[in-house]
Every structure is written in C-alpha cells, then in structure tokens.
Engineer: 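First, the structure itself, so that you have it in front of you.
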Amino acid sequence: MNILLLSFFFIFGLIIGSFLNVILFRYNTGRTIGGRSKCFSCRRTLTPIDLVPVLSYIVFGGKCRTCKSHVSAQYPAVEMLTGVLFADVYMLYAPLLFINASLFYFNTVVSLIVMSLLVLIIVYDLRHKIIPDLFSYAFATVTFIAMFVRIEPSALSLYLSMPELSHLFAGIILAFPFYFLWLVSRGRWMGLGDAKLALGIGWFLGLAKGGTAIIYGFWIGAVVSVLLILAQKILARASIHKSAHVSTQKSQNSPNADTSNLSLKSEIPFAPFLIAGLLIVYFFGYNMFSVLEIL
Ligand SMILES: [Zn+2]
C-alpha cells in the first residue's frame, strides 16, 4: 500500500463528496447541477476558497464568510464520508495493483461509482425518508453490468461472460422479501425503495454476501431503533419533569417536538442500515453463508 496513492484516493473522495452535496441539495428542486453554488442566506456566489472540502467549513467555523449564517454540517460530513470510503476502496484493492492492474482499475472504478451512489442514497433517505428511483436504479444498473465483465490476469484483456446463476438472480432474490413486505403491508412496514436498493446489493455482493449484508442491516436497524425509542422515552420523561417545574412556560418551542411521536411504526429511514450492512460485508468480507459452498 502506497501512502501517496491512499492520500490521492482520500482527497479525490473529498472532491467527489463536495459534488455529491451539490446533487443532494439540488436534486428534485428544479435546479440544474451546473452553475455556481450560492450561500442559501445572502445569495453570494461562493468562491473557490469557500468550496475547499472540509477545510473551508472548519476555517470559517461553519458560517458563511459574508452573512455569518450557519452552513449545513452535511457539507463536511458527506465530504469526509466519501473521502473515507474512497480510501477504503483503495486499501481493499491495493494488493491487486501488482498482480493484475486491469482488475485493480476495473474494480476500483466500479466501486468508486457504487460508493458515490450509496452516499447519495444514505443522505437522501435520511433527509427525505425516500430513495429516488434514479439513485437506486443507477446502483442496480452499474452492478448488473459489472457482473458480466471478466478480466484475464495473463492476457490483460476484458471480455463479457455469464456470471454464476446465483449471482445473476441475486438482485431479484434479495429484492423479493422487501417487495413482499411492501405488498402485504401496502407500504406501511417497508417502502418499495428498499426493494429497489436490494437489487443492487445482490448484484454487487452476490447472493450469499448480499444476504449477509441485509441480515446485518436488519440487526443494525433493530438496535438503532430500540436506542432511539429509549432515548425518546428518557427525553419525554425529562421534559415532563421540566414542565412540572416550569409550568407557566408554553411548550410550543419544545426542542423534542419532532422526536416525541417516534415509535416502532414511525418511518425510520432503512436504507442507511442496509448500506451499513453492505459496507461491513464488502470491506471485511463477512459471509454468514460461507458453509454453503453452492452460494
Ligand atoms: Zn451568506
């Protein structure tokens, strides 16, 4: 592993993350991706110095240089996440560079595209509780096509071939349970967006690892949901104590207002959990079904 290349991938990730923010803040708002970014408050066109990933946020204290209004923490968070994921992709495939360079380039390019799409899906689902079809279908399409590409180590050539049947159908098989849950609950338990996301998970990781990723996703989701509900109960209890002491104060500005009706039925975005499962399996190579050789 080369520290220079690692830094290159990290910085490249920061820059792509900055671009992903542009997509995230403009998608479905009628604005195009082109055109200079402006401050949301004072409309000042941002200069290159305002757009240096992460650093500009830290140096200017998370505020606009002109109007001092608050800049969303989503900017540095998305940039850092993308930077770290890109560096992880390099670390995963670095050993290939000296064995089969073509395979290194192919795997890296596909993975960087996939990581970018996953960042878009995580953040969009967290903010809007929906996964745009464009993002999930792009993920499914890229992974579906990549599945057919083979690279010969000796000939350094690229050709197309049929993948294993279990891999070919992995997307459909893993999407089906989500589709079924969506169908029987008429969309109350599970959104159709999760089924579309599962297509890409299957085609990216294959059936066994994809299945493992989804099971991890459910576990992580269950733990986080229980913690959120506990936190909400504790906050609710604390605010009851508070209002007993300050009974004259109106509760209309309660900071807990948006978490106070959180229950198991609330729409907790599920895509971030599924993607967390995917990333664990992808970077650490876990496979719960490795005993079943046929998968
Ligand atoms: Zn401003």
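When a ligand or atom number is given, it counts from 1 through the structure's own listing order. In this text, all values refer to a predicted model and were calculated from it rather than measured experimentally.
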Engineer: For the pair Arg150 (side chain) and Met147 (backbone), establish whether a donor and an acceptor sit closer than 3.5 Å, ignoring hydrogens and angles.
Structural biologist: yes
Engineer: Tell me how many protein N, O or S atoms are within a distance shorter than 2.8 Å of the Zn ion (ligand 1).
Structural biologist: 4
Engineer: Ring-plane angle category for Tyr75 and Phe25, please: parallel below 30°, perpendicular beyond 60°, tilted otherwise.
Structural biologist: parallel
Engineer: Is it the case that the side chains of Tyr282 and Ser111 hold a donor-acceptor pair, with the cut-off being a distance below 3.5 Å and no angle test?
Structural biologist: yes
Engineer: Which word best sums up how the rings of Phe12 and Phe8 line up, parallel for under 30°, tilted for 30 to 60°, or perpendicular for over 60°?
Structural biologist: parallel
Engineer: Are Thr47 and Asp50 linked by a side-chain donor-acceptor pair shorter than 3.5 Å?
Structural biologist: yes
Engineer: For Arg36 and Thr45, which I'm curious about, is there any donor-acceptor pair between the side chains at under 3.5 Å?
Structural biologist: no
